[in-house]
Amino acid sequence: MRLVAYPAILDDSENKPGQYTVTFPDVPGAITDGNNLEEALYNAPEALGLVLFDEKVLPKSSSLQTIQKQNPDKIVTYISVDLDFIRRNSYKPTVKKNTRISAELAKKAENQGINFSATLTAALEEKLSN
């Protein structure tokens, strides 16, 4: 489990009555909303997690008191999320790529039950991380 917590601002000042926009000062790309406070709080962890789950270096979390002082007329609270859960449950679009390998190599791999897509993906991820 990889839990993180960041202060969130719940702001209803520019919305229809009862609707809230949720932003995270430390994670600018994480934005969501809700038709009421409960829905906004429910949506907030996913918005936060989708921006952070594949980040190698996470932004530093500000103190709740600092964010509240900067936003005295808004609701400020910590939102936590398990980044490993988001990673496991997020949809990652895939594309089909054709490639050519020797028939002999293909036969050996098939005989060992090797998944070509998984192997190519792992090799590309390793190559690109270096």
Side-chain angles (χ1 to χ4, degrees):
M1 202 176 329
R2 214 174 87 177
L3 293 174
V4 296
Y6 286 89
I9 301 168
L10 290 95
D11 183 2
D12 66 347
S13 64
E14 296 181 18
N15 301 334
K16 293 179 185 175
Q19 293 181 333
Y20 288 85
T21 300
V22 183
T23 57
F24 296 85
D26 301 317
V27 187
I31 301 170
T32 191
D33 61 8
N35 289 321
N36 51 49
L37 183 60
E38 294 81 7
E39 189 175 288
L41 287 167
Y42 178 81
N43 293 336
E46 182 178 40
L48 180 61
L50 287 172
V51 172
L52 295 178
F53 79 91
D54 61 350
E55 292 294 319
K56 300 222 185 304
V57 178
L58 297 173
K60 185 179 183 311
S61 179
S62 297
S63 77
L64 195 66
Q65 295 78 12
T66 299
I67 302 302
Q68 186 67 71
K69 282 181 188 175
Q70 296 168 351
N71 300 276
D73 56 336
K74 297 175 179 65
I75 299 170
V76 177
T77 187
Y78 279 114
I79 300 293
S80 68
V81 64
D82 177 356
L83 298 179
D84 289 337
F85 175 83
I86 296 291
R87 175 186 299 279
R88 285 190 307 274
N89 293 290
S90 66
Y91 169 73
K92 295 180 186 175
T94 60
V95 295
K96 185 174 182 164
K97 293 291 183 183
N98 292 325
T99 186
R100 293 188 180 273
I101 60 173
S102 74
E104 180 182 345
L105 186 60
K107 185 69 172 165
K108 286 180 181 178
E110 288 168 1
N111 288 341
Q112 292 190 22
I114 293 175
N115 179 311
F116 288 87
S117 294
T119 302
L120 177 58
T121 299
L124 285 171
E125 287 174 347
E126 182 179 332
K127 182 88 170 174
L128 294 171
S129 69
N130 294 332

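All values reported here derive from a predicted model rather than from experimental measurement.
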How close do [X] and [Y] get, counting heavy atoms only, and between which atoms?
{"X": "Q68", "Y": "V76", "value": "OE1-CB, 3.3 Å"}
{"X": "A109", "Y": "F116", "value": "CB-CZ, 3.7 Å"}
{"X": "D84", "Y": "R2", "value": "OD2-N, 3.3 Å"}
{"X": "A47", "Y": "I31", "value": "CB-O, 4.0 Å"}

Apart from [X] itself, residues in the same hydrophobic cluster as defined by side-chain heavy atoms under 4.5 Å:
{"X": "I114", "answer": "none"}
{"X": "Y42", "answer": "none"}
{"X": "M1", "answer": "L3"}

Which residues share a side-chain hydrogen bond (donor to acceptor under 3.5 Å, both in side chains) with [X], sequence neighbours left out:
{"X": "S63", "value": "T66"}
{"X": "N35", "value": "Q19, E39"}
{"X": "S13", "value": "D11"}
{"X": "T23", "value": "none"}

Residue pair [X] / [Y], side-chain heavy-atom distance below 4.5 Å:
{"X": "L58", "Y": "V4", "result": "yes"}
{"X": "S61", "Y": "P7", "result": "yes"}
{"X": "R87", "Y": "D54", "result": "yes"}

Practice problem: Give a yes or no answer on whether the side chain of N43 reaches the backbone of G34 with a donor-acceptor pair at less than 3.5 Å. | Solution: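 Side chain of N43 to backbone of G34: no pair is present.
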Suppose we screen for side chain to side chain contact (heavy atoms under 4.5 Å, CB included). Which residues come up paired with [X], at least two apart in sequence or across chains?
{"X": "L37", "answer": "L10, Y20, L41, I75"}
{"X": "V51", "answer": "V27, A30"}
{"X": "I86", "answer": "L50, F53, V81"}

The reported gap from CG in D12 to CG in D33 (rounded to nearest 0.5 angstrom) is 12.5 Å
Distance col, row F24:CZ vs L48:CG, nearest 0.5 angstrom, shows 4.5 Å
- [ ] Treating Ile, Leu, Val, Met, Phe, Trp and Tyr as nodes and any side-chain heavy-atom pair under 4.5 angstrom as an edge, say whether L64 and Y6 lie in one connected cluster.
- [x]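 They do not share one cluster, since no chain of ILVMFWY contacts under 4.5 Å joins L64 to Y6.
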So the side chain to side chain donor-acceptor pair (under 3.5 Å) pairs with at least one residue in residues 109-125 (sequence neighbours excluded) are none
Please set out all donor-acceptor pairs under 3.5 angstrom arising from side-chain atoms of residues 97-104, sequence neighbours excluded.
from, atom 1, to, atom 2, distance (Å)
S102, OG, L105, N, 3.1
E104, OE2, K108, NZ, 3.4

